[in-house]
Structure formats: C-alpha cells, structure tokens
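Just so we're on the same page: letters track the sequence lines, and every chain starts at 1. Keep in mind that this is a model prediction, so the values were computed, not measured.
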Amino acid sequence: MSETPHIDIDYVANLARLDMTEEEKSKLGSQLDDILGYFDKLNSVDVEGVEPMAHAHRVANVWREGDQAGETFAPEILTGMAPDHRDNQVVVPKVVE
Amino acid sequence: MSDLHFKTITELAAMLAAGETTSVAITQAVIDRTAAVDAQVKAFLSSDPEDALSQAKASDERRAAGKSLGPLDGIPIGIKDTLAVKDQPLRCASKMLENYVSPFDATCITKLREAGAVIWGRLNMDEFAMGSSTENSAYQTTCNPWNLETIPGGSSGGSAAAMAAGEAIATLGTDTGGSIRQPAALCGVVGMKPTYGLISRYGLVAFASSLDQVGPFARTVEDAALLMEAMLSKDPLDSTSIAPQGETNYAAALKEKKGPWKLGVPREFFGEGIDPEVKANILKAIDWYKDQGCEIVDISLPHSELAVPVYYIVATAEASSNLARFDGVRYGHRSDEAKDAMSLFTKSRGEGFRR
C-alpha cells in the first residue's frame, strides 16, 4: 500500500467552481481521500489479458440518422426558466469588462 | 372496501374490470391515506390531488366507453422526484431546483400515461439520488413506516415508504448503485433494477449515466412485471435504450410455473459486516426455498469486494460531469450575490447544493 493519498480540496473546489464552507471542506476532503484510496485497491487487481471496456454491457456509439425536425419547446418556455431573462434571452452578470 | 390503498394492481384491475370499484374511488383512497399518514411518514415532497382525480375521472370515462387501456388503467402510481412530469415540480430533493417545474414528461411517464396510469405526487429522495437513507434530502427525512424511528433506505426512500404505508398502489424509483433494491428491502416491498437500457432514461435527472436506471416498486412481483411491460421502449431520445429482446410478456411468463429453481447463494455476501439478525433471516429464507423444492447452490463472485471501489470512482466522475450543468445560468438556483461569471457559478452552487 502506498502512502495515504490526499486531495487538495481547495484546488478541486476551485476547478469545480464550487463555494464550500470550512466545515464542508474538512468533511468532504476526508471522504474524497477515502475514494482515492479505492484507486489503490483497484491497482492491486491483475487485469493482464482483460480487454479494456467502457461499460459492463456491450454498448456502441449510436449515430444520429440525419437531423430530423421534431416537436420542440417554444423559446419563451425555455428562457422563462432562467433565473433572469429578457426578450427570450438569458440575462447573466457582466462577464467582460 | 376500506383498504383499497393496500391492494395490488392485479386485484384492483380485476375489480375495475368487474365494475366493483372505480379509478376515482381508488385514487381518493390513496389521497385520503396520504393525508392521514404522510405527516409521520413524510414520503411526499408534494402532491396534486386535483390533478390525480381528474386523471382518474378520465380513466373511468374511458372504461365506461369500452376503451380501457389495460391493467394499469386508473391505477395511481407515485413518482420519485427525479423523473420529469409535465407541469409538476422536479426538484430532485435539492434547493438547486426548488422552483423548477418540468415542461415535459419523461419517456417512462409517457409510457405509463399510454397505459392509463394515474400519475401521483412527488416522492422524497436523497438529494440528486446521492445517498442510501433519504436523510440527505434538502427538504425532509422520510421515515420507515414499519418503525418511524428508522430510515426507509435510499435514495428512492420516498418511493419505498409510500408503498409500505399504502400511499400509492405502485411507485417508480431510480437505481444507480442500489437506490431501488436497498429501500425496497428495508421497507418490505418488491423493487427491481431493470437491465441497463430496457427503460428509457429520457426525463430522468442524470446522476451517473452509465449506471442510472428507472425501475418499479410494487406489492408483488406480478405487479412489477406489469409496470415493466408498460415502460419498455427503444427510445430515440435515449441512445442507450435497447429494443426489448426475448420474452417481454413478463406477467404471463410468471404464471407458467417453471420452478423449482436452482438458486445461487454468493458466499462473499455473507462475509465481513453482515448483521447477525439479517444473516439469520436470509438463512431462514434459504430454508424456505429449500422446502419449496429449490436447489440451493453455493457460488462465488470473487470480484464482489471491488464493486464498491469501482462504483465510487465511476459514480463520482460521472456525477461531476452531469451536475456541471447546474451553474445558475439557464435554470435552477442563482445566488443573489452573483456579481460576475465566477461568483455566479461558485455561489449558486454553494447555496443550491447545500442543505
């Protein structure tokens, strides 16, 4: 077993664009360390000769057979869900100075 | 007639066909039962009795006109708060989606409607289906109806508890890593996770997409079979859904008795951590099957101990991708303190995902 894995919770929270309290950081940080420990456990498994797979079932990529026009939602229904909207557009805080 | 709410789909379908009851009577019984017990059980996040009764009335009118849609026609079915039902709240038991109302039906809901079912209520769960106790709901903790001091399991705890308490005739849940099977076991009802792809995931709020499946809670295996038959579909809106293969007339197949069966008992499941009372009861159940003439075979699933590590890696990675859409922009919670792009994301998520 290698040394106890550790995750930098501030670094990860920043990447996830997620605000956390100190209490949450300490609780979730140690839980994430436990999950990292699982990688070690899996590393101990001999997978020599096992074909890599993306899913337990036989799944393959499905291509769309060309774009087909279908029933869709009126713009005001979708933009109407936004926390802030105007003239069928989503309003967000200013992002470019 | 006083306990319509505890009957099975099969029993009620026979009574409806014989004209001994109506969908309005069944739906009203479920509504009354929910009003009487849900302050204690807390299985429902919300419900819309008026809407349910109008669906029930439509069912009775179809039947009177000789146009019944089958055994589910007129049966009230409770829905986990992670499945989209048009014009009903869809909150995933999270503050992130506190004011969200779905503009469309999930495919499994469409299929149930085509079978005439009465779509009933929004059932509590762990937030975004992450948990195994229903204590991680942002709104309320559901209790196990058999003992209100205990958990119903989760994440589909509301769906399981509502069944055990007679607050629905059947319910839908979702299962990523046990979220139907475990609460069904803890509440003493039938629950199953179908084979991946059998039921469309369109309209299910994604948690870990390669594992998520919609499935039934019911009072009997036969009832679960009826729900499965109604929901099977190869759906163009879910490219991982598969065309039903082989025998899909499940309820009829159940009646052709093919037992006594050969039952495998994986020895790894009796290892470290099993509660002695649980173990004793499972051994008792094994004896019962033996008495029925079943052959019990000792088997080994040597990779069992790796299941949880694999699950935690796959589920957290996929959840991270799936929940990235909750950013305070197009729908869901937006923080009042959002002043720029960065704080829009960080503060909206910090407040929305926090209990």
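To the nearest 0.5 Å, atoms CZ (A/Phe73) and CZ (B/Phe104) are separated by 5.5 Å. With rounding to the nearest 0.5 Å, the separation of NE2 in A/His55 from OG in B/Ser209 is 9.5 Å. If you take CG on A/Leu36 and OH on B/Tyr312, they are separated by 14.0 Å, rounding to the nearest 0.5 Å. Distance check: A/Asp19 CG to B/Met342 CE gives 10.5 Å after rounding to the nearest 0.5 Å.
At a heavy-atom cut-off of under 4.5 Å, chain B is reached by A/Val45 from residues 44-54 of chain A, listed in order of number.
Heavy atoms closer than 4.5 Å to chain B are found in the side chain of A/Ile77, but not in its backbone. For B/Thr316, the part lying near chain A is the side chain, with the backbone staying farther off; criterion is any non-hydrogen pair under 4.5 Å. Within the 4.5 angstrom heavy-atom criterion, atoms from both the backbone and the side chain of A/Val92 approach chain B. Proximity to chain B (any heavy atom under 4.5 Å) is shown, for A/Asp34, by neither the backbone nor the side chain. Interface remark: B/Lys347 contributes backbone and side-chain atoms alike to the contact with chain A (heavy atom separation under 4.5 Å). When heavy atoms are compared at a cutoff of 4.5 Å, B/Val310 approaches chain A by way of both its backbone and its side chain. For a residue to count as touching a neighbouring chain, one of its non-hydrogen atoms must lie under 4.5 Å from one of that chain's; by this rule A/Thr79 does not touch chain B.
Within a 6.0 Å sphere centred on CD of B/Glu247, heavy atoms belonging to other residues, nucleotides or ligands number more than 12. Counted within 6.0 Å of CG on A/Asn43, heavy atoms from surrounding residues, nucleotides or ligands total more than 12; the atom is thus considered enclosed. Taking a 6.0 Å sphere around NZ of A/Lys27, one finds it holds 12 or fewer heavy atoms contributed by other residues, nucleotides or ligands.
For A/Pro93 against B/Ala338, the heavy-atom pair with the smallest separation is CG-O, 4.0 Å. Closest heavy-atom contact between B/Gly328 and A/Pro83: O-CG, 3.6 Å. Here the shortest heavy-atom pairing between A/Val62 and B/Ser239 reads CG2-O, 3.5 Å.
Interface check for chain A: of the options B/Val308, B/Leu344, B/Ile313, the most heavy-atom pairs under 4.5 Å are formed by B/Ile313. Most heavy-atom pairs under 4.5 Å with chain B: of the set A/Asp84, A/Leu78, A/Leu32, this distinction falls to A/Asp84.
With a 4.5 Å cut-off on side-chain heavy atoms, B/Pro103 and A/Met81 count as touching.
Every residue two or more places apart in sequence or in another chain that forms a salt bridge (Lys or Arg N to Asp or Glu O under 4.0 Å) with B/Arg181 is listed here: B/Asp175. B/Asn99 meets the side-chain contact (heavy atoms from CB on, under 4.5 Å) test with no other residue; sequence neighbours excluded. Partners of B/Tyr100 according to the ring-ring contact (aromatic ring centres under 6.0 Å, His included) rule, which considers only residues two or more places apart in sequence or in another chain, are B/Tyr331.
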